[in-house]
2 protein chains.
Amino acid sequence: MVEAAVQVFHQQGVEKTTLADIARAADVPLGNVYYYFKTKDQLVEAAVEAHCDQLTRLTARLEQLPDPAARLKTLIAGWVEERETAARFGCPFGTLATELDKRDDGLDLAAAQVMRALIDWVEGQFTELGRPDAHALAIELVAAYQGMSVLTNTLRDPGLMAAQGERLQAWVDGLARP
Amino acid sequence: MVEAAVQVFHQQGVEKTTLADIARAADVPLGNVYYYFKTKDQLVEAAVEAHCDQLTRLTARLEQLPDPAARLKTLIAGWVEERETAARFGCPFGTLATELDKRDDGLDLAAAQVMRALIDWVEGQFTELGRPDAHALAIELVAAYQGMSVLTNTLRDPGLMAAQGERLQAWVDGLARP
DNA sequence: GTCTATAATCCGATAGAC
DNA sequence: GTCTATCGGATTATAGAC
(Lines give C-alpha, C1' and ligand atoms only; values in the text may rest on other atoms or scores of the structure.)
Protein backbone atom coordinates (compact mmCIF):
# COMPACT_ATOMS: atom_id res chain seq x y z
CA MET A 1 0.00 0.00 0.00
CA VAL A 2 2.87 2.37 0.79
CA GLU A 3 4.39 1.25 -2.49
CA ALA A 4 1.22 2.28 -4.31
CA ALA A 5 1.23 5.60 -2.49
CA VAL A 6 4.84 6.32 -3.51
CA GLN A 7 4.04 5.62 -7.13
CA VAL A 8 0.82 7.64 -7.26
CA PHE A 9 2.40 10.53 -5.38
CA HIS A 10 5.18 10.52 -7.96
CA GLN A 11 2.84 10.44 -10.92
CA GLN A 12 0.13 12.83 -9.75
CA GLY A 13 1.80 14.81 -6.98
CA VAL A 14 0.86 14.68 -3.31
CA GLU A 15 -1.64 17.52 -3.36
CA LYS A 16 -3.56 16.30 -6.38
CA THR A 17 -3.69 12.70 -5.19
CA THR A 18 -6.78 11.66 -3.24
CA LEU A 19 -6.84 8.81 -0.78
CA ALA A 20 -9.34 7.16 -3.08
CA ASP A 21 -6.65 7.21 -5.80
CA ILE A 22 -4.25 5.37 -3.53
CA ALA A 23 -6.91 2.91 -2.45
CA ARG A 24 -7.63 2.13 -6.09
CA ALA A 25 -3.95 1.79 -6.95
CA ALA A 26 -3.41 -0.56 -4.00
CA ASP A 27 -6.65 -2.38 -4.85
CA VAL A 28 -8.15 -1.96 -1.39
CA PRO A 29 -11.34 -0.19 -0.32
CA LEU A 30 -11.08 3.39 0.85
CA GLY A 31 -11.90 2.67 4.49
CA ASN A 32 -8.96 0.31 4.66
CA VAL A 33 -6.52 3.14 4.05
CA TYR A 34 -7.69 4.84 7.21
CA TYR A 35 -7.23 1.68 9.23
CA TYR A 36 -3.47 1.77 8.63
CA PHE A 37 -2.98 5.54 8.33
CA LYS A 38 -5.05 7.90 10.42
CA THR A 39 -4.38 10.88 8.15
CA LYS A 40 -3.09 11.67 4.70
CA ASP A 41 -0.02 13.21 6.29
CA GLN A 42 0.93 9.89 7.85
CA LEU A 43 0.78 8.28 4.43
CA VAL A 44 3.02 10.96 3.01
CA GLU A 45 5.42 10.39 5.90
CA ALA A 46 5.45 6.67 5.12
CA ALA A 47 6.23 7.51 1.49
CA VAL A 48 9.21 9.62 2.53
CA GLU A 49 10.45 6.77 4.72
CA ALA A 50 10.08 4.41 1.77
CA HIS A 51 12.33 6.69 -0.28
CA CYS A 52 14.82 6.72 2.58
CA ASP A 53 14.84 2.92 2.73
CA GLN A 54 15.28 2.67 -1.02
CA LEU A 55 18.26 5.01 -0.86
CA THR A 56 19.79 2.88 1.89
CA ARG A 57 19.37 -0.26 -0.19
CA LEU A 58 20.80 1.44 -3.27
CA THR A 59 23.93 2.69 -1.54
CA ALA A 60 24.43 -0.69 0.14
CA ARG A 61 24.39 -2.30 -3.29
CA LEU A 62 26.82 0.28 -4.68
CA GLU A 63 29.19 -0.22 -1.74
CA GLN A 64 29.87 -3.71 -3.05
CA LEU A 65 31.75 -2.19 -5.96
CA PRO A 66 35.42 -1.84 -5.02
CA ASP A 67 36.07 1.51 -6.71
CA PRO A 68 34.43 4.76 -5.52
CA ALA A 69 34.49 6.16 -9.05
CA ALA A 70 32.72 3.06 -10.35
CA ARG A 71 30.13 3.44 -7.58
CA LEU A 72 29.39 7.02 -8.61
CA LYS A 73 29.24 6.13 -12.28
CA THR A 74 26.86 3.25 -11.53
CA LEU A 75 24.71 5.64 -9.50
CA ILE A 76 24.56 7.97 -12.49
CA ALA A 77 23.83 5.05 -14.82
CA GLY A 78 20.86 4.15 -12.63
CA TRP A 79 19.48 7.68 -12.99
CA VAL A 80 19.86 7.54 -16.76
CA GLU A 81 18.10 4.18 -16.87
CA GLU A 82 15.03 5.82 -15.34
CA ARG A 83 15.06 8.63 -17.89
CA GLU A 84 11.71 7.74 -19.45
CA THR A 85 10.00 7.94 -16.07
CA ALA A 86 11.89 11.15 -15.30
CA ALA A 87 10.72 12.68 -18.58
CA ARG A 88 7.14 11.95 -17.66
CA PHE A 89 7.12 12.58 -13.90
CA GLY A 90 10.50 14.00 -12.84
CA CYS A 91 12.81 12.66 -10.16
CA PRO A 92 10.70 10.51 -7.81
CA PHE A 93 12.26 12.03 -4.73
CA GLY A 94 13.10 15.54 -5.95
CA THR A 95 9.56 16.36 -7.03
CA LEU A 96 8.27 15.01 -3.71
CA ALA A 97 10.74 17.12 -1.72
CA THR A 98 9.81 20.19 -3.78
CA GLU A 99 6.15 19.64 -3.06
CA LEU A 100 6.67 19.00 0.65
CA ASP A 101 8.45 22.34 0.93
CA LYS A 102 5.15 24.04 0.10
CA ARG A 103 3.14 22.15 2.71
CA ASP A 104 2.49 22.98 6.34
CA ASP A 105 3.34 19.55 7.73
CA GLY A 106 6.85 19.15 9.11
CA LEU A 107 7.74 16.60 6.48
CA ASP A 108 10.01 18.94 4.58
CA LEU A 109 12.54 18.28 7.34
CA ALA A 110 12.33 14.54 6.77
CA ALA A 111 12.83 15.11 3.05
CA ALA A 112 15.86 17.25 3.80
CA GLN A 113 17.35 14.40 5.83
CA VAL A 114 17.02 11.98 2.94
CA MET A 115 18.52 14.47 0.49
CA ARG A 116 21.37 15.08 2.89
CA ALA A 117 21.91 11.33 3.23
CA LEU A 118 22.39 11.07 -0.53
CA ILE A 119 24.78 14.02 -0.56
CA ASP A 120 26.71 12.61 2.38
CA TRP A 121 27.10 9.25 0.69
CA VAL A 122 28.34 10.86 -2.54
CA GLU A 123 30.69 13.03 -0.51
CA GLY A 124 32.11 9.89 1.10
CA GLN A 125 32.95 8.52 -2.34
CA PHE A 126 34.77 11.70 -3.36
CA THR A 127 36.63 11.63 -0.06
CA GLU A 128 37.75 8.08 -0.80
CA LEU A 129 39.01 9.40 -4.11
CA GLY A 130 41.21 11.77 -2.12
CA ARG A 131 39.37 14.94 -3.04
CA PRO A 132 39.64 17.64 -0.37
CA ASP A 133 36.67 19.43 -1.96
CA ALA A 134 34.49 16.33 -1.60
CA HIS A 135 31.53 18.17 -0.11
CA ALA A 136 31.32 20.79 -2.86
CA LEU A 137 31.67 18.07 -5.50
CA ALA A 138 28.86 16.08 -3.91
CA ILE A 139 26.56 19.11 -3.94
CA GLU A 140 27.53 19.69 -7.57
CA LEU A 141 26.72 16.11 -8.61
CA VAL A 142 23.39 15.84 -6.81
CA ALA A 143 22.36 19.31 -7.97
CA ALA A 144 23.25 18.35 -11.53
CA TYR A 145 21.00 15.31 -11.23
CA GLN A 146 18.10 17.28 -9.78
CA GLY A 147 18.54 19.98 -12.41
CA MET A 148 18.65 17.62 -15.35
CA SER A 149 15.58 15.89 -13.90
CA VAL A 150 13.67 19.17 -13.89
CA LEU A 151 14.69 19.94 -17.48
CA THR A 152 14.10 16.39 -18.70
CA ASN A 153 10.65 16.52 -17.14
CA THR A 154 9.71 20.03 -18.30
CA LEU A 155 10.97 19.51 -21.85
CA ARG A 156 9.73 15.90 -21.92
CA ASP A 157 13.07 14.82 -23.36
CA PRO A 158 14.69 11.65 -21.98
CA GLY A 159 17.62 12.21 -24.33
CA LEU A 160 18.59 15.22 -22.28
CA MET A 161 19.17 13.03 -19.24
CA ALA A 162 21.14 10.52 -21.30
CA ALA A 163 23.44 13.26 -22.61
CA GLN A 164 23.95 14.88 -19.22
CA GLY A 165 24.51 11.48 -17.64
CA GLU A 166 27.39 10.81 -20.04
CA ARG A 167 28.84 14.21 -19.28
CA LEU A 168 28.68 13.53 -15.54
CA GLN A 169 30.32 10.13 -15.90
CA ALA A 170 33.16 11.66 -17.89
CA TRP A 171 33.41 14.36 -15.22
CA VAL A 172 33.73 11.72 -12.48
CA ASP A 173 36.41 9.96 -14.54
CA GLY A 174 38.32 13.20 -14.87
CA LEU A 175 38.19 13.77 -11.12
CA ALA A 176 39.27 10.20 -10.34
CA ARG A 177 42.35 10.30 -12.60
CA PRO A 178 43.79 13.79 -12.37
CA MET B 1 -4.21 40.20 -9.56
CA VAL B 2 -2.05 38.04 -11.82
CA GLU B 3 0.90 39.31 -9.83
CA ALA B 4 -0.74 38.10 -6.62
CA ALA B 5 -1.49 34.76 -8.25
CA VAL B 6 2.13 34.30 -9.33
CA GLN B 7 3.35 34.98 -5.82
CA VAL B 8 0.82 32.76 -4.04
CA PHE B 9 1.35 29.94 -6.56
CA HIS B 10 5.07 30.18 -5.88
CA GLN B 11 4.67 30.14 -2.11
CA GLN B 12 1.91 27.55 -1.72
CA GLY B 13 1.97 25.66 -4.99
CA VAL B 14 -0.80 25.70 -7.59
CA GLU B 15 -2.69 22.69 -6.30
CA LYS B 16 -2.79 23.82 -2.69
CA THR B 17 -3.77 27.39 -3.54
CA THR B 18 -7.49 28.16 -3.51
CA LEU B 19 -9.02 30.97 -5.50
CA ALA B 20 -10.00 32.47 -2.16
CA ASP B 21 -6.29 32.64 -1.30
CA ILE B 22 -5.59 34.61 -4.45
CA ALA B 23 -8.58 36.87 -3.89
CA ARG B 24 -7.31 37.65 -0.41
CA ALA B 25 -3.74 38.24 -1.62
CA ALA B 26 -5.00 40.59 -4.32
CA ASP B 27 -7.43 42.18 -1.84
CA VAL B 28 -10.50 41.63 -3.98
CA PRO B 29 -13.65 39.64 -3.25
CA LEU B 30 -13.81 36.07 -4.50
CA GLY B 31 -16.47 36.68 -7.12
CA ASN B 32 -14.24 39.25 -8.74
CA VAL B 33 -11.65 36.62 -9.60
CA TYR B 34 -14.20 34.80 -11.71
CA TYR B 35 -15.09 37.96 -13.57
CA TYR B 36 -11.61 38.16 -15.06
CA PHE B 37 -10.79 34.45 -15.19
CA LYS B 38 -13.51 31.94 -15.94
CA THR B 39 -11.57 29.01 -14.46
CA LYS B 40 -8.60 28.36 -12.22
CA ASP B 41 -6.74 26.98 -15.23
CA GLN B 42 -6.97 30.34 -16.97
CA LEU B 43 -5.41 31.97 -13.95
CA VAL B 44 -2.56 29.46 -14.01
CA GLU B 45 -2.12 30.16 -17.70
CA ALA B 46 -1.91 33.88 -16.97
CA ALA B 47 0.73 33.13 -14.34
CA VAL B 48 2.83 31.21 -16.87
CA GLU B 49 2.53 34.11 -19.31
CA ALA B 50 3.63 36.48 -16.57
CA HIS B 51 6.76 34.36 -16.08
CA CYS B 52 7.32 34.46 -19.82
CA ASP B 53 7.02 38.24 -19.90
CA GLN B 54 9.38 38.58 -16.96
CA LEU B 55 11.95 36.45 -18.75
CA THR B 56 11.62 38.63 -21.85
CA ARG B 57 12.19 41.78 -19.81
CA LEU B 58 15.15 40.20 -18.01
CA THR B 59 16.96 39.12 -21.16
CA ALA B 60 16.26 42.51 -22.78
CA ARG B 61 17.95 44.19 -19.83
CA LEU B 62 20.91 41.79 -20.01
CA GLU B 63 21.30 42.38 -23.73
CA GLN B 64 22.34 45.95 -22.94
CA LEU B 65 25.58 44.61 -21.50
CA PRO B 66 28.20 44.48 -24.28
CA ASP B 67 29.87 41.21 -23.24
CA PRO B 68 28.06 37.83 -23.44
CA ALA B 69 30.09 36.49 -20.50
CA ALA B 70 29.07 39.50 -18.40
CA ARG B 71 25.44 38.91 -19.37
CA LEU B 72 25.60 35.31 -18.18
CA LYS B 73 27.37 36.27 -14.97
CA THR B 74 24.78 38.96 -14.29
CA LEU B 75 22.05 36.39 -14.91
CA ILE B 76 23.66 34.11 -12.34
CA ALA B 77 24.08 37.01 -9.91
CA GLY B 78 20.36 37.68 -10.17
CA TRP B 79 19.63 34.08 -9.21
CA VAL B 80 21.94 34.31 -6.23
CA GLU B 81 20.29 37.55 -5.11
CA GLU B 82 17.01 35.67 -4.80
CA ARG B 83 18.57 32.92 -2.70
CA GLU B 84 16.51 33.62 0.40
CA THR B 85 13.29 33.24 -1.55
CA ALA B 86 14.67 30.15 -3.26
CA ALA B 87 15.54 28.61 0.10
CA ARG B 88 11.98 29.08 1.23
CA PHE B 89 10.01 28.37 -1.94
CA GLY B 90 12.38 27.17 -4.66
CA CYS B 91 12.83 28.60 -8.14
CA PRO B 92 9.64 30.57 -8.94
CA PHE B 93 9.42 29.10 -12.40
CA GLY B 94 11.03 25.69 -11.88
CA THR B 95 8.65 24.66 -9.12
CA LEU B 96 5.72 25.86 -11.20
CA ALA B 97 6.87 23.87 -14.24
CA THR B 98 7.39 20.78 -12.09
CA GLU B 99 3.89 21.09 -10.74
CA LEU B 100 2.30 21.71 -14.13
CA ASP B 101 3.87 18.48 -15.39
CA LYS B 102 1.63 16.59 -12.97
CA ARG B 103 -1.58 18.30 -14.07
CA ASP B 104 -4.01 17.38 -16.83
CA ASP B 105 -4.27 20.83 -18.36
CA GLY B 106 -2.05 21.44 -21.39
CA LEU B 107 -0.06 24.11 -19.56
CA ASP B 108 3.03 21.93 -19.23
CA LEU B 109 3.63 22.69 -22.91
CA ALA B 110 3.52 26.43 -22.23
CA ALA B 111 5.96 25.95 -19.36
CA ALA B 112 8.25 23.99 -21.66
CA GLN B 113 8.24 26.89 -24.11
CA VAL B 114 9.33 29.35 -21.43
CA MET B 115 12.07 27.01 -20.23
CA ARG B 116 13.23 26.55 -23.79
CA ALA B 117 13.25 30.31 -24.29
CA LEU B 118 15.64 30.67 -21.36
CA ILE B 119 17.87 27.88 -22.66
CA ASP B 120 17.86 29.36 -26.15
CA TRP B 121 18.87 32.76 -24.87
CA VAL B 122 21.73 31.29 -22.83
CA GLU B 123 22.77 29.25 -25.86
CA GLY B 124 22.90 32.45 -27.88
CA GLN B 125 25.36 33.93 -25.41
CA PHE B 126 27.63 30.90 -25.60
CA THR B 127 27.44 31.04 -29.38
CA GLU B 128 28.56 34.66 -29.28
CA LEU B 129 31.47 33.48 -27.18
CA GLY B 130 32.41 31.24 -30.06
CA ARG B 131 31.58 27.96 -28.37
CA PRO B 132 30.56 25.21 -30.83
CA ASP B 133 29.00 23.27 -27.93
CA ALA B 134 26.78 26.22 -27.01
CA HIS B 135 23.61 24.16 -26.73
CA ALA B 136 25.06 21.59 -24.34
CA LEU B 137 26.59 24.37 -22.24
CA ALA B 138 23.25 26.15 -22.05
CA ILE B 139 21.53 22.99 -20.86
CA GLU B 140 24.30 22.52 -18.31
CA LEU B 141 23.96 26.05 -16.93
CA VAL B 142 20.17 26.09 -16.68
CA ALA B 143 20.14 22.58 -15.21
CA ALA B 144 22.73 23.65 -12.65
CA TYR B 145 20.47 26.54 -11.66
CA GLN B 146 17.40 24.35 -11.37
CA GLY B 147 19.34 21.74 -9.42
CA MET B 148 20.84 24.16 -6.96
CA SER B 149 17.38 25.65 -6.52
CA VAL B 150 15.97 22.26 -5.57
CA LEU B 151 18.79 21.63 -3.09
CA THR B 152 18.71 25.15 -1.67
CA ASN B 153 14.98 24.76 -1.16
CA THR B 154 15.04 21.22 0.25
CA LEU B 155 17.95 21.89 2.60
CA ARG B 156 16.71 25.43 3.38
CA ASP B 157 20.22 26.72 2.84
CA PRO B 158 20.65 29.98 0.86
CA GLY B 159 24.40 29.65 1.29
CA LEU B 160 24.32 26.69 -1.04
CA MET B 161 23.06 28.85 -3.86
CA ALA B 162 25.65 31.53 -3.14
CA ALA B 163 28.47 28.96 -3.29
CA GLN B 164 27.18 27.32 -6.46
CA GLY B 165 26.60 30.72 -8.03
CA GLU B 166 30.25 31.62 -7.53
CA ARG B 167 31.29 28.30 -9.00
CA LEU B 168 29.13 28.90 -12.08
CA GLN B 169 30.49 32.40 -12.58
CA ALA B 170 34.04 31.08 -12.44
CA TRP B 171 32.99 28.37 -14.87
CA VAL B 172 31.64 30.98 -17.31
CA ASP B 173 34.88 32.94 -16.98
CA GLY B 174 36.87 29.83 -17.77
CA LEU B 175 34.81 29.18 -20.89
CA ALA B 176 35.07 32.77 -22.06
CA ARG B 177 38.88 32.92 -21.82
CA PRO B 178 40.15 29.49 -22.83
C1' DG C 1 -9.19 -6.83 10.15
C1' DT C 2 -12.15 -5.76 5.95
C1' DC C 3 -15.45 -3.17 3.77
C1' DT C 4 -19.72 0.07 2.93
C1' DA C 5 -22.09 4.01 3.78
C1' DT C 6 -22.11 8.46 5.12
C1' DA C 7 -20.96 12.59 7.80
C1' DA C 8 -18.35 17.01 7.66
C1' DT C 9 -15.79 20.05 5.21
C1' DC C 10 -13.73 22.51 1.56
C1' DC C 11 -13.45 24.42 -2.99
C1' DG C 12 -14.46 25.66 -7.79
C1' DA C 13 -17.92 27.83 -9.99
C1' DT C 14 -22.46 30.46 -10.53
C1' DA C 15 -26.49 33.52 -9.72
C1' DG C 16 -27.95 37.64 -9.05
C1' DA C 17 -28.27 42.05 -6.16
C1' DC C 18 -26.18 46.48 -6.33
C1' DG D 1 -17.91 46.20 -13.05
C1' DT D 2 -18.10 44.94 -7.97
C1' DC D 3 -19.49 42.10 -4.43
C1' DT D 4 -22.35 38.52 -1.53
C1' DA D 5 -24.47 34.35 -1.04
C1' DT D 6 -24.75 29.90 -2.24
C1' DC D 7 -24.91 25.54 -5.11
C1' DG D 8 -22.88 21.23 -6.49
C1' DG D 9 -19.30 18.16 -6.38
C1' DA D 10 -15.24 16.24 -4.54
C1' DT D 11 -12.45 14.77 -0.55
C1' DT D 12 -10.99 13.81 4.08
C1' DA D 13 -12.36 11.31 7.70
C1' DT D 14 -15.56 8.42 10.61
C1' DA D 15 -19.24 5.06 12.10
C1' DG D 16 -20.46 0.81 12.21
C1' DA D 17 -21.95 -3.70 9.89
C1' DC D 18 -19.73 -7.99 8.78
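Every chain is numbered from 1, with letters handed out A, B, ... down the list of sequences.
The stretch residues 1-12 of chain B has no heavy atom under 4.0 angstrom from DNA chain C at all. Near DNA chain C, defined here as any heavy-atom distance below 4.0 Å, the residues from residues 23-45 of chain A are A/Pro29, A/Gly31, A/Asn32, A/Tyr35, A/Tyr36, listed numerically.
The distance from atom NZ of B/Lys16 to atom P of C/dC10 is 14 Å, rounded to the nearest whole Å. A/Leu19 places its CG atom 20 Å from the P atom of C/dA7, with the value rounded to the nearest Å.
The shortest side-chain heavy-atom distance between B/Phe89 and B/Thr95 does not fall under the 4.5 Å cut-off. The shortest distance between side-chain heavy atoms of B/Trp171 and B/Leu137 falls below 4.5 Å. Side-chain contact between A/Gln64 and A/Arg71 is absent, with no heavy atoms from C-beta onward closer than 4.5 Å. Looking at heavy atoms from C-beta onward, B/Gln146 lies out of side-chain contact with A/Gln146 at the 4.5 angstrom threshold. Inter-residue side-chain proximity for A/Glu63 and A/Trp121 is flagged as met; some heavy-atom pair is nearer than 4.5 Å.
Terminal axes of the helix from C/dG1-D/dC18 to C/dC18-D/dG1 (five pairs each, C1' rotation axis) are separated by 10°, to the nearest 10°.
Counting non-hydrogen atoms of neighbouring residues, nucleotides and ligands closer than 6.0 angstrom, the CD atom of B/Gln11 exceeds 12 such neighbours.
The residue from A/Asp105, A/Leu107, A/Leu100 that alone fulfils the side-chain contact (heavy atoms from CB on, under 4.5 Å) condition with A/Glu45 is A/Leu107. Checked against B/Lys102 for a side-chain contact (heavy atoms from CB on, under 4.5 Å), the options A/Gln12, A/His10, A/Arg88, A/Lys16 give a single hit: A/His10.
No side-chain N or O of B/Gln54 forms a donor-acceptor pair with one of B/Arg57 less than 3.5 Å apart.
No side-chain donor-acceptor contact under 3.5 Å links A/Thr154 to the backbone of A/Leu151.
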